[in-house]
Amino acid sequence: MNVYDSESIRNVAFVGHGGSGKTTLVNAMAYLAGSTSRMGSVEQGSALTDFTPDEIEHQISVHVALAHARFMDAKLNLIDTPGYLDFAGEVKAGLRVADAACVTVSAVAGVEVGTERVWSYADEEKLPRFVFVNGMDKEHADFDTVYRQIRDTLTARAIPVEIPIGQGSDFHGLVNLFSEKAHLYKDGTKGEREIGEIPDEVRERYERFRRELIETVAETDDTLIERYLEGEELSREDVLTAMKAGMKRGELVPVFCGSAARLQGVRSLLQKVVELAPKPTERPDVRGTRPNSDEKVFLEPRESSPLSALVFKTTTEPHVGELSYFRVFSGAIDSGQDVHNSSRGHDERLAHIAIMQGHDRVEVPRLACGDIGVVPKLKGTHTGDTLCDKSSPVVLRGIRFPTPVIAVAIEPEREGEEEKIGSAMSKLHEEDPTFVHAYNPELGQTIIRGMGELHLQVVLERMERKFNVRATMLQPKIAYRETIRSSGEAQGRYKKQTGGRGQFGDCWIRLIPLERGQGYEFVDQITGGAIPNKFIPAVDKGIQEAMSKGVIAGYPVVDVRVELFDGSYHSVDSSEMAFKIAGSIAFQAAAERCRPVLLEPIMEVTAMTPDEYLGDVIGDLNQRRGRVLGMEPMGTGKQKVSAMVPQAELYRYSTTLRSLTQGRGDHTRSFHGYEEVPGHIAERIVEEAETEREGAAIRH
């Protein structure tokens, strides 16, 4: 394997809506370039970058994956990303280490929700972009309609570099607006073509699109526009140079088209990626900070600069162990080199560095600035960590992973595997930071969170396959609370005589409701030594233990002021235990007189939806007992809806919202506070709690 210098490297992430052909396009580029010997298929489970069991089973990309293609003396690092929103974290990881993005758009479906989402992610990274309209050979393919959608929905700066000759079953060639030649495809599936003159039937469209291309590119350069307006013919080199500069500034997005599955239009895309995608050395200076400091650091993206590299993915493979994927942002790395993990403060040795070709690792002696590779068995390095020279420490910006939007409970299918599940989930979180887990002791459940139901389903499948432990998904329990609505008093008296020393404790307490969120307040109002000071903390403790067990359905009592105002004691028989029990009895008796009520957690929900689905989204929130607080236009044909919704009504809300909005809706949620549960719902909750207690008693 040749070692490529920074000037020869291009890093391109392939992003788009699920099913738009990213994986097929990456496979086609590597195959046409001769860097892989076979043209795989997603449907047959043989795609170059969809090689994990979960991807083969579901026939979708689940992980960010790498391939490379050698073309025109350049090495193209092809970063294949998932298209489904459930795996958005992998997309963000891939874009973080790319220098450009190629957005695939279906020639039939056009711009979809995933297209818009990944476009916004590429905006966040300020990446130059290409668009590849894929599937021109499919029935109902329509290049002109899709091109208008791209301009209307994604960017008005999109401009075709090639246009199709025919479409659907009649698609048989492309016209290159730079070369003024037609590429006419032969029968077959290997992209064989003849280069000839432009057919008469597309001559008029060619003239129109070429004029639009030259004018759009010239407008980005003052010198070029002057020459163009003076009637000068601009050379291909002039236009290419201006287009590359315009792409870098975000002013131009070239549009290509073809059929990745039939290798049509792929060779042209390969050439333009080499010519137009920025080299790693053409990126702005690498920005970072000194460890444990706000001091800014700027490094030139050159091999002569101090080393800085970012780990953007961690995975575990059988017989190999942990693999760390990283990009070199400055400096260079030799196999066997010692580096410093500045994120965690320890050293690592990078033995057996390699580049990836799908599932296969190809060991290399060196990785230049800008290259992307993998290294096995790092002892303590994780996704988002920075590797650098110990003598010049720097911490690079990590990856902005999205926040999980769905939560479910899980339990092992086999008893006694709780510890095994915990260990497996920790390792899975290392591979996928958008998957998080925690045990909730109050609910007695392990709660897992992720980006969607498919995401969590795939995680559990991976857990079974890799760690041989199976778990079942359940609806999470709700952390209800109880409180009181009025004041009341009661006595707690505990007396026990067993032949020897007895037990005696006696107290009077008063309960007063507090405002929501005030918690618990204990006030000692004992005078005259009715209860000795040494026993008063025991009364408090007994009250708090009784509060933790509830008085209606077994949920903790909150927002109560307790005043201890009277009592009595026995000089011999009184003890801390007796007064603790008396405090518990007093609280139970008083609470029942104070109109106890159930409280439920309320979430503050912000739902984003396209304008046309606003009514459906609001209607669904109302059905979930939500209170809509307001709506705010987002300026992109979308509305932001704010609402307060009971947590109990939000199970699988993410899936429902996507269904209501054809996948284009999204939401965030945060805890707001507790409110009273409506009477008819409270009755059901109490009945369920009683049934659960009875079942537990029978089991024990």
Side-chain angles (χ1 to χ4, degrees), residues 18 42 45 47 50-65 82 84-90 93 313-323 359 382-383 401-479 647-648 650-656 658 688 691-692 695-696 698-700:
V42 173
D50 276 5
F51 52 81
T52 64
D54 14 341
E55 291 172 319
I56 293 171
E57 178 182 345
H58 293 280
Q59 294 191 357
I60 60 171
S61 296
V62 170
H63 312 277
V64 61
Y84 287 86
L85 298 178
D86 289 50
F87 309 103
E90 300 282 320
K313 178 180 174 63
T314 306
T315 186
T316 304
E317 291 194 3
H319 315 300
V320 176
E322 200 167 86
L323 275 180
H359 185 266
H382 306 283
T383 300
F401 287 108
T403 304
V405 297
I406 185 174
V408 301
I410 61 166
E411 64 179 22
E413 290 193 0
R414 296 186 290 266
E415 289 187 14
E417 291 195 334
E418 289 80 6
E419 186 174 334
K420 193 175 179 181
I421 277 187
S423 174
M425 289 191 298
S426 295
K427 293 177 181 177
L428 291 170
H429 172 71
E430 289 294 333
E431 295 187 14
D432 179 4
T434 61
F435 167 73
V436 295
H437 66 97
Y439 179 74
N440 188 314
E442 178 187 340
L443 303 179
Q445 289 184 314
T446 296
I447 307 297
I448 61 174
R449 291 178 169 82
M451 301 304 298
E453 289 180 32
L454 177 60
H455 179 209
L456 296 181
Q457 177 187 339
V458 167
V459 167
L460 294 187
E461 290 171 0
R462 198 180 311 155
M463 183 169 68
E464 179 182 356
R465 187 175 62 255
K466 285 190 172 186
F467 305 103
N468 193 31
V469 57
R470 298 179 64 179
T472 303
M473 283 194 279
L474 308 167
Q475 183 170 349
K477 297 177 183 177
I478 304 299
Q647 182 185 347
L650 286 173
Y651 184 55
R652 294 190 172 179
Y653 178 64
S654 177
T655 302
T656 300
R658 290 178 185 175
E688 291 174 353
T691 301
E692 187 172 333
I698 292 172
R699 288 193 297 271
H700 288 86

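A donor atom on one side chain and an acceptor atom on the other are not found under 3.5 Å apart for Glu688 and Thr691. For Asp432 and His63, the side-chain atoms include no donor-acceptor pair closer than 3.5 Å. For the 3.5 Å distance criterion, the side chains of Glu430 and His382 qualify, holding a donor opposite an acceptor.
Here the side chain of Gln59 pairs no donor or acceptor atom with the backbone of Ile56 at under 3.5 angstrom. For Glu431 (side chain) and Thr316 (main-chain N/O), a donor-acceptor pair under 3.5 Å exists by modelled atom type. Remark: side-chain polar atoms of Gln445 are paired, donor with acceptor, to backbone N or O of Lys477 under 3.5 angstrom. Within the 3.5 Å criterion, the main-chain N or O of Met425 finds no donor-acceptor partner in the side chain of His429. Ser423 places no side-chain N or O within 3.5 Å of a backbone atom of Glu419 that could act as its donor or acceptor partner.
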Taking it one step at a time, do Gln475 and Val408 satisfy side chain to side chain contact (heavy atoms under 4.5 Å, CB included)?
CA-CA 6 Å; Gln475 183 170 349; Val408 301; over 6 Å; no
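Salt bridge Arg470/Glu417: absent, no basic N to carboxylate O contact under 4.0 Å. No salt bridge links Glu453 with Arg658; every basic N to acidic carboxylate O contact stays at or beyond 4.0 Å.
To the nearest 0.5 angstrom, Leu454 atom CG is 5.0 Å from Ile60 atom CD1.
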